[in-house]
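Remarks on the structure that follows.
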Amino acid sequence: MTLNQEKHFIGGTWRPGTGGGTFPVIDPATEEVLCEAAAGNPGDIERAVAAAVLAQESWGKTSGKERALTLNALAQGLRSESEELATTEVRNNGKPLSEAREDVANAVECFEYYARLAEEIDHRQGESVALPDARFESRIYHEPVGPSALIVPWTFPLLAAAWKIAPALAAGCTAVLKPSELTPLTALHLGRLAHRVDLPPGVLNIVTGLGPYTGGPLVRHSKIRNVAFTGSVPIGCAIMAACAQDIKNVSLHLSGKSPVIVFDDATLDQAVDWVVHGIFWNQGQVCSATSRLLVQANLRAELLERLREKVLALTIGSGLDEAVQVGPLISSDQRETVSQSVAQALHDGAQLLCGGKRPQGLDRGFFYEPTVLLDPPLESAAWTDEILGPVLSVRSFKTESEAIKLANDTTFGLAASVMSSDLAKTDRVARALNAGIVWINCSQPTFPQVPRGGCKDSGIGRDLGEWGLKNYLEPKQVTTCVMPGAAL
Ligand code: NAD
């Protein structure tokens with residue numbers, strides 16, 4: 001590893017932590033310690049926020065065109081080091097190499113997309129609004145909300161960071177990024193790129209460390225005006241409560257338990273392929289994983305047979321092996337959680353179609369077999385709670401209205417997938433589902449142009465698209481009386 005992983009990126013330079021503490025970064029496929037990273041503390045946060053506040057003054061006044069140049073330079077840097085970034089992501093997160101390459105490519109696209117939106121802000125500044133009263137004229141300006149805290153999880157370390165850094169910088173906000181303590185390496189690589197493309201000091205700061213000790217003081221800092229968080233529901237709740245103390249902007253991207261509904265008129269092979277991708281991609285450690293399969297009763301037997309064949313054929317191993325489709329889970333704790341969830345589901349009455357244990361021959365690494373559970377009771381945790389692992393729960397339905405009822409019977413509202421060849425039906429069902437994302441005849445595709453986020457316990461606000469940019473902008477109306485002497 002050639003990164004400055006024992007230092008934070010603050011004010012354009014690499015600085016050791018003020019406390020001197022570190023934490024180990026683990027390769028989940030081998031359980032080896034890859035390196036030590038700096039454990040940020042309130043002193044490091046103080047320095048990083050001070051750098052962001054100082055830089056905000058000038059960065060907030062740059063033109064959108066200037067900011068677009070910087071974002072495109074970052075995109076170019078990512079592109080030119082894409083293979084190294086992808087390999088680092090595999091070693092730190094465990095995901096298969098093909099998926100890590102896709103993440104890097106999506107991060108590049110994200111920076112380029114927000115570079116274009118940054119330029120559009122210039123054109124939109126001072127947009128006039130038609131008013132019903134001829135004595136007045138109003139114009140709308142879009143101003144950066146200010147120094148922003150960006151807190152991301154380990155599931156998509158680079159991509160989740162890109163989804164927040166790119167719109168924040170495009171909007172003219174400076175930022176302090178706190179990556180997950182489990183996966184800080186590609187974020188630190190991004191810091192090195194920022195340094196190389198001469199991002200003005202303090203525009204992007206990166207502080208590594210543990211959640212409560214590094215993320216906590218960042219969220220509570222009075223000079224932070226905006227918090228963009230992706231992670232679990234309990235931490236999201238705590239962050240929202242902290243933001244309420246001094247009325248900070250907050251957007252929350254939280255967990256899910258998303259359904260995939262397969263109707264009997266679906267193209268079976270295509271449906272099975274997407275069902276498998278929707279849950280076993282990134283080992284099921286995906287907030288929007290379609291982890292609840294609802295299959296129409298008369299298709300169930302055939303679908304389960306094909307599903308079992310396909311799942312058993314998946315290649316499990318180190319993500320660095322090009323042939324591997326399923327890598328290790330992120331940590332020993334995560335594997336334990338998944339294993340306990342499966343044991344509890346079987347205790348609750350679910351049947352095991354396949355999987356349910358550590359794969360044979362993989363004694364090192366946090367591997368767990370892709371697992372399919374049949375008919376967990378509606379109230380069992382395997383049906384209601386996010387497992388965040390390679391575990392698919394299956395139940396059947398008879399009618400369209402029953403499918404919608406079962407799909408919506410959850411505290412979450414992130415994503416859903418619908419498989420049918422009847423497009424009038426898919427449209428009807430899509431409109432009836434309580435979710436921020438609905439995929440028809442597919443699962444999980446993501447594009448920077450369209451908003452991503454959920455309702456209910458899955459969060460508040462959206463990443464990506466124009467909506468993603470709005471998290472970092474304050475609209476300001478300037479209203480002028482154009483008829484002197486005209487009093488109200
Ligand atoms: P987590 O909530 O434990 O941690 C997320 C981030 O918050 C980490 O960087 C962590 O260090 C930090 N953190 C922890 N405690 C904190 C505190 N008290 N104050 C400030 N920061 C703190 O989640 P995780 O285990 O890293 O990630 C998995 C979760 O993320 C899953 O629930 C998954 O569904 C969710 N997720 C959601 C989306 C989405 O777009 N909705 C995307 C990816 C992951």
Side-chain angles (χ1 to χ4, degrees), residues 23 25 37 39-42 45 92-93 95 103 106 110 149-164 176-184 186-187 206-221 224 227-243 245 248 250-258 279 281-291 329-331 333-334 337-338 385-389 410-415 435-437 444 446 450-465 467-468 471:
F23 61 92
V25 180
N41 67 12
I45 291 298
N92 194 177
N93 168 280
K95 63 178 66 195
D103 286 1
N106 287 342
C110 177
L150 316 179
I151 300 183
V152 294
W154 48 263
T155 46
F156 291 81
L158 177 69
L159 194 55
W163 288 356
K164 299 200 188 303
V176 179
L177 172 74
K178 199 211 82 65
S180 165
E181 51 273 45
L182 295 173
T183 53
T186 44
I206 302 168
V207 181
T208 55
L210 310 185
Y213 307 105
T214 313
L218 176 60
V219 168
R220 289 192 297 273
H221 200 292
I224 289 290
V227 177
F229 173 77
T230 300
S232 62
V233 175
I235 305 295
C237 288
I239 284 179
M240 195 165 178
C243 289
Q245 299 309 306
K248 289 183 172 85
V250 62
S251 56
L252 302 173
H253 300 270
L254 310 176
S255 318
K257 186 75 180 179
S258 301
I279 180 62
W281 179 48
N282 203 22
Q283 296 72 250
Q285 301 169 126
V286 180
C287 54
S288 57
T290 34
S291 54
L329 303 193
I330 189 67
S331 64
D333 284 354
Q334 191 64 18
T337 304
V338 170
D385 295 358
E386 180 184 62
I387 295 177
L388 209 62
T410 167
T411 55
F412 299 109
L414 186 50
I437 308 164
Q444 313 299 325
T446 296
V450 280
R452 189 187 158 88
C455 51
K456 303 199 280 183
D457 286 2
S458 292
I460 293 179
R462 297 290 182 268
D463 274 331
L464 299 181
W467 295 263
N471 291 331

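Predicted model, so just to flag it, every value in this text is computed and none were measured. The analysis underlying the following values was restricted to heavy atoms, covering all of them including side chains, and did not include hydrogens, waters or symmetry mates. When a residue number appears, it is its place in the shown sequence, counting from 1. Each ligand, and each atom within it, is numbered from 1 in the order the structure gives.
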Inset, instruction - For ligand 1, note which part of Leu218 has a heavy atom under 4.0 Å away: side chain, backbone, both or neither. - result: neither
Legend entry - Mode of Leu182 contact toward ligand 1 - side chain, backbone, both, neither (heavy atoms, under 4.0 Å): neither
Within the 4.0 Å heavy-atom shell around [X], which atoms of ligand 1 are there?
X      : answer
Gly215 : 19 (N), 20 (C), 21 (N)
Leu388 : 28 (C), 31 (C)
Cys287 : 33 (C), 34 (O), 36 (N), 37 (C), 38 (C), 39 (C), 40 (O), 41 (N), 42 (C), 43 (C), 44 (C)
Val152 : 6 (C), 8 (C), 9 (O)
Glu181 : 10 (C), 11 (O)
Gly216 : 19 (N), 20 (C)
Pro179 : 9 (O)
Ser180 : 9 (O)

Is there a side-chain contact between [X] and [Y], using heavy atoms and a 4.5 Å cut-off?
X      : Y      : result
Val25  : Asn92  : yes
Ser258 : Thr410 : no
Val219 : Ile151 : yes
Arg452 : Trp163 : yes

List the closest protein heavy-atom neighbour of [atom]: residue, atom name, distance to the nearest 0.1 Å.
atom                    : value
atom 31 (C) of ligand 1 : Glu386 OE1, 3.4 Å
atom 44 (C) of ligand 1 : Thr155 OG1, 3.4 Å
atom 26 (O) of ligand 1 : Trp154 CD1, 3.1 Å
atom 5 (C) of ligand 1  : Thr230 O, 3.7 Å
atom 18 (N) of ligand 1 : Pro212 CA, 3.8 Å

Which atom pair, heavy atoms only, marks the closest approach of [X] to [Y]?
X      : Y      : result
Leu414 : Ser458 : N-OG, 3.2 Å
Ala149 : Leu218 : CB-CG, 3.6 Å
Ser232 : Ser255 : CA-OG, 3.9 Å

Nearest 0.5 Å, please: how far is [atom2] in [Y] from [atom1] in [X]?
X      : Y      : atom1 : atom2 : value
Ile235 : Phe229 : CD1   : CZ    : 6.0 Å
Asp457 : Lys257 : CG    : NZ    : 14.0 Å
Ile387 : Ile279 : CD1   : CD1   : 8.0 Å

Inset, instruction - For side chain to side chain contact (heavy atoms under 4.5 Å, CB included), just list the numbers for Phe156 and Asn93, CA-CA rounded to whole Å, side-chain angles, deciding distance to a tenth of an Å, and then say yes or no. - result: CA-CA 8 Å; Phe156 291 81; Asn93 168 280; over 6 Å; no
Legend entry - Side-chain donor-acceptor pair present, Ser288, Gln444, cut-off under 3.5 Å: yes
Inset, instruction - Flag yes if more than 12 heavy atoms outside Phe23 fall under 6.0 Å of its CZ atom; otherwise flag no. - result: yes
Legend entry - 4.0 Å heavy-atom contact, Phe156 with ligand 1: no
Inset, instruction - Would you check whether Leu254 has a nitrogen or oxygen atom less than 3.5 angstrom from a nitrogen or oxygen atom of ligand 1? - result: yes
Inset, instruction - Return yes or no for this condition: an N or O of Ser458 is under 3.5 Å from an N or O of ligand 1. - result: no
Inset, instruction - Check whether any protein heavy atom sits under 4.0 Å from atom 41 (N) of ligand 1. - result: yes
Identity of the nearest option to [atom], non-hydrogen atoms only, from [options]:
atom                    : options                        : value
atom 12 (C) of ligand 1 : Val286, Thr183, Ile151, Thr446 : Ile151
atom 22 (C) of ligand 1 : Pro184, Gly211, Ser232         : Gly211
atom 35 (C) of ligand 1 : Ser255, Gly231, Ala415, Pro153 : Gly231

